[in-house]
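By convention in this document, chain letters (A, B, ...) are assigned in the order of the sequence lines, proteins followed by strands, and residues within each chain are numbered from 1.
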Amino acid sequence: MAVRGTKDLFGQELRLHQRIVATARKVLEAAGAMELLTPIFEETQVFEKGVGASTDIVRKEMFTFQDRGGRSLTLRPEGTAAMVRAYLEHGMKVWPQPVRLWMAGPMFRAERPQKGRYRQFHQVNYEALGSESPILDAEAIVLLYESLKEVGLKGLSVKLSSVGDPEDRARYNAYLREVLTPHREALSEDSKERLSLNPMRILDSKDERDQALLRELRVKPMLDFLGEEARAHLNQVEKHLSRLQVPYELEPALVRGLDYYVRTAFEVHHAAIGAQSALGGGGRYDGLSELLGGPRVPGVGFAFGVERVALALEAEGIAPPEERGPDLYVVPLLEEAVAEAFYVAETLRPRLRAEYALSPKKPGKGVEEALKRGAAFVGFLGEEELRAKELTLKRLATGEQVRLPYAEVAGFLLSALS
RNA sequence: GUGAGCGUAGCUCAGCUGGUUAGAGCACCGGACUGUGGAUCCGGGGGUCGUGGGUUCAAGUCCCAUCGCUCACCCCA
């Protein structure tokens, strides 16, 4: 058995994943993003510092191990910290700014698996580094939205908010503590803990009691606490999104779980994929590179989960195209023709996709097997063909049939299939 | 980490209140239909009934434990 929360990918599911990533590649590279693949593990420090020691990811969800020299290494739980590490390591700050990077690959989190959540899952990441312009925030949102729309998804909703600058957030958390602490006993168990750890998370609690209390106390949203600059930044982002007619809604309660976010935060959701309805999300993280020991490098980016997008596509009834069968399926009619079938098929490769049967078949059976494999042509090798070094070709779609010397088979098939 | 539901063949599932050698469909392999059958008919391989204990003359079926899967919570993609 594959270990908990992991799975083997093949067949239709794999094709769907590949299509999702290929679409993202097209969209992101059209915008000038360069593909950059970071290793799947890093020094643990990269995530502890980059993601934030207080986050759930770092506190309890990382696969961490020691190498033989005693260094602590971690299977990456997300992509952004590693991408910024690479930006710093390769001196990309001297490249023309901003630098747009993208990456697709596996991520690892030691959570309890459920629908849309796995211990090894796949993400597409995009990061635009080196500029504070709100245009780049809007661009990231558009690129995320477009990547998902381009694979065929319809039921998308884009949620936008701002978590403000760090001092805004500090003021807001202080406000929440002040308002909620007197009512601590009315909160759910989880939210009591949130109150001391990170009060903002109470806002998107799924507990009805918490939501009722928030309504009752008329708790003000984060957006009311934005400083002047963060406010202006958000307004700019909205302006650019509107101009491009991206259908977004302001979601004051939107809280991103990672410590490094400032100002813009966004998510894209899909209703039909279970409790984990976020397909992807992102935001701005101007302070991240300093946490990693580098100079200040502002950045904005997103990640989306390939598995979740696949679930959404499935829910909308969008299936990947059937796998193409071989161009030719060679059927030996006698035992002596088996090796010949292999020989003929192999000489056609790799220009043609050629397979063959490993044991002699009756012609009818041969046709049946060729059809099951989705072959375009079936080729028979019987007594006469063997003697004459010829192959009888039958086009399965039409039933038309020709007999050709080996040397002419490749040319015939290539022109017939074009 | 918490809670609930579920574990019988590769897949989907039968198996009545415990009762002979555990079944079906699909899939796979082979044969029949004399060189053009995604067909039909016949046959075949495959299962420590998740695992370990217990109750009983007798356990796939009842009890306990354990493991696994699924969904949900926390949190997130």
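Nucleotides B/U12 and B/U51 place their C1' atoms 24 Å apart, quoted to the nearest Å. B/G38 sits 28 Å from B/G45 when the P atoms are compared, rounded to a whole Å. To the nearest whole angstrom, the two P atoms, one in B/U56 and one in B/C67, are 27 Å apart. B/U8 and B/U48 have their P atoms separated by 13 Å, given to the nearest Å. The C1' atoms of B/A58 and B/U17 are separated by 16 Å, rounded to the nearest whole Å. Across the P atoms, B/G18 and B/C57 are found 15 Å apart, a figure rounded to whole Å. Only the P atoms considered, B/C74 is 34 Å distant from B/C62, to the nearest whole Å. Straight-line distance between the P atoms of B/A59 and B/G1: roughly 35 Å, to the nearest whole Å.
For B/C76, its base never sits under 3.5 Å from the side chain of A/Glu78 at any donor and acceptor pair.
If you check every strand for non-hydrogen atoms under 4.0 Å, A/Arg59 touches nothing. The residue A/Glu307 sits apart from the nucleic acid: no heavy atom pair falls under 4.0 Å. Residue A/Glu193 is out of contact with every strand shown, counting any heavy-atom pair closer than 4.0 Å. Residue A/Glu369 is classed as having no contact, given no heavy-atom separation below 4.0 Å to the nucleic acid. Within the 4.0 angstrom heavy-atom criterion, only backbone atoms of the sugar-phosphate kind lie near A/Gly280; the bases stay farther away. Among the protein residues, A/Leu279 comes within range of the sugar-phosphate backbone only, with heavy atoms under 4.0 Å from sugar or phosphate atoms but none that close to a base. Base contact: A/Arg109 has a heavy atom under 4.0 Å from a base atom. At the heavy-atom level, A/Glu385 lies under 4.0 Å from base atoms of the strands shown. When heavy atoms are screened at a 4.0 angstrom cut-off, A/Gly116 is found touching base atoms of the nucleic acid.
Of the listed nucleotides (B/U36, B/C76, B/A32), B/A32 has the atom at the smallest distance from the side chain of A/Lys362. Distances were taken from every side-chain heavy atom of A/Lys372 (C-beta onward) to each of B/C28, B/U36, B/G35; the shortest belongs to B/C28. Checked against B/C76, B/U36, B/C75, the side chain of A/Arg117 finds its nearest nucleotide in B/C75. When each of B/C76, B/A72, B/G35 is scored by its nearest atom to the side-chain atoms of A/Leu333, the top-ranked nucleotide is B/G35. Here the nucleotide nearest the side chain of A/Lys115, chosen from B/C71, B/G35, B/A77, is B/C71. In this structure, of B/C75, B/C74, B/U36, it is B/C74 that holds the atom nearest to the side chain of A/Lys60. For A/Leu371, counting side-chain heavy atoms from C-beta on, the closest listed nucleotide (B/G38, B/C76, B/C74) is B/G38. Between B/G35, B/G3, B/U36, one nucleotide has an atom nearer to the side chain of A/Val367 than all others, and that is B/U36.
The distance from the CE atom of A/Met62 to the CD atom of A/Glu48 is 5.0 Å, given to the nearest 0.5 Å. The CG atom of A/Leu333 lies 9.5 Å from the CG atom of A/Leu386; values are rounded to the nearest 0.5 Å.
Ranked by how close their nearest RNA chain B nucleotide is to the 5' end, A/Phe380 and A/Arg373 are led by A/Arg373.
Residue A/Ile273 contributes atom CD1, which lies 17 Å from atom C1' of B/U70 at whole-angstrom precision. A/Lys206 places its NZ atom 9 Å from the P atom of B/A72, with the value rounded to the nearest Å. B/C76 atom C1' lies 14 Å from atom CZ of A/Arg119, rounded to whole Å. If you measure from atom CZ of A/Phe377 to atom P of B/U36, you get 19 Å, rounded to the nearest angstrom. Rounded to whole Å, atom C1' of B/A27 lies 13 Å from atom CD of A/Glu368. Taking atom CD of A/Glu111 as the reference point, atom P of B/A72 lies 13 Å away to the nearest angstrom. Atom CD in A/Gln114 sits roughly 14 Å away from atom C1' in B/G5 (whole-Å rounding). Note: CD1 (A/Ile57) to C1' (B/A77) measures 9 Å, nearest angstrom.
A/Tyr261 and A/Tyr285 have perpendicular rings, their planes meeting at more than 60° on a 0 to 90° scale where under 30° would count as parallel. Using cut-offs of 30° and 60° for the angle between ring planes, the A/His122 and A/His17 rings count as perpendicular.
A salt bridge does not link A/Glu193 to A/Arg184: none of the charged nitrogens lies less than 4.0 Å from a carboxylate oxygen. A/Glu185 has a carboxylate O that lies under 4.0 Å from a charged side-chain N of A/Lys192, or vice versa, which qualifies the two as a salt bridge.
With a 3.5 Å ceiling on both atom-pair distances, the Watson-Crick or G-U wobble partner of B/G25 is B/C11. The pairing partner recorded for B/U17 is none, the criterion being a Watson-Crick or G-U wobble arrangement whose two distances lie under 3.5 angstrom. Nucleotide B/C62 has B/G54 as its partner under the Watson-Crick or G-U criteria, with both atom distances under 3.5 Å. If you check B/U40 for Watson-Crick or wobble pairing at under 3.5 angstrom, you find it paired to B/A32. Across all strands shown, B/C71 pairs with B/G3; the Watson-Crick or G-U wobble distances both stay below 3.5 Å.
In this structure a side-chain-to-backbone donor-acceptor pair under 3.5 Å is missing from A/Asp327 to A/Leu417. Under a 3.5 Å cut-off, the side chain of A/Arg177 and the backbone N or O of A/Ser196 do form a donor-acceptor pair.
Taking the ring centroids of A/Phe225 and A/Tyr175, they lie under the 6.0 Å cut-off.
Using a 90° window around 0 for the glycosidic torsion, B/G35 falls outside it and is classed as anti.
Residue A/Phe121 and nucleotide B/A77 are classified as a stacked aromatic pair, their ring centres being separated by less than 5.5 Å at an interplanar angle below 30°.
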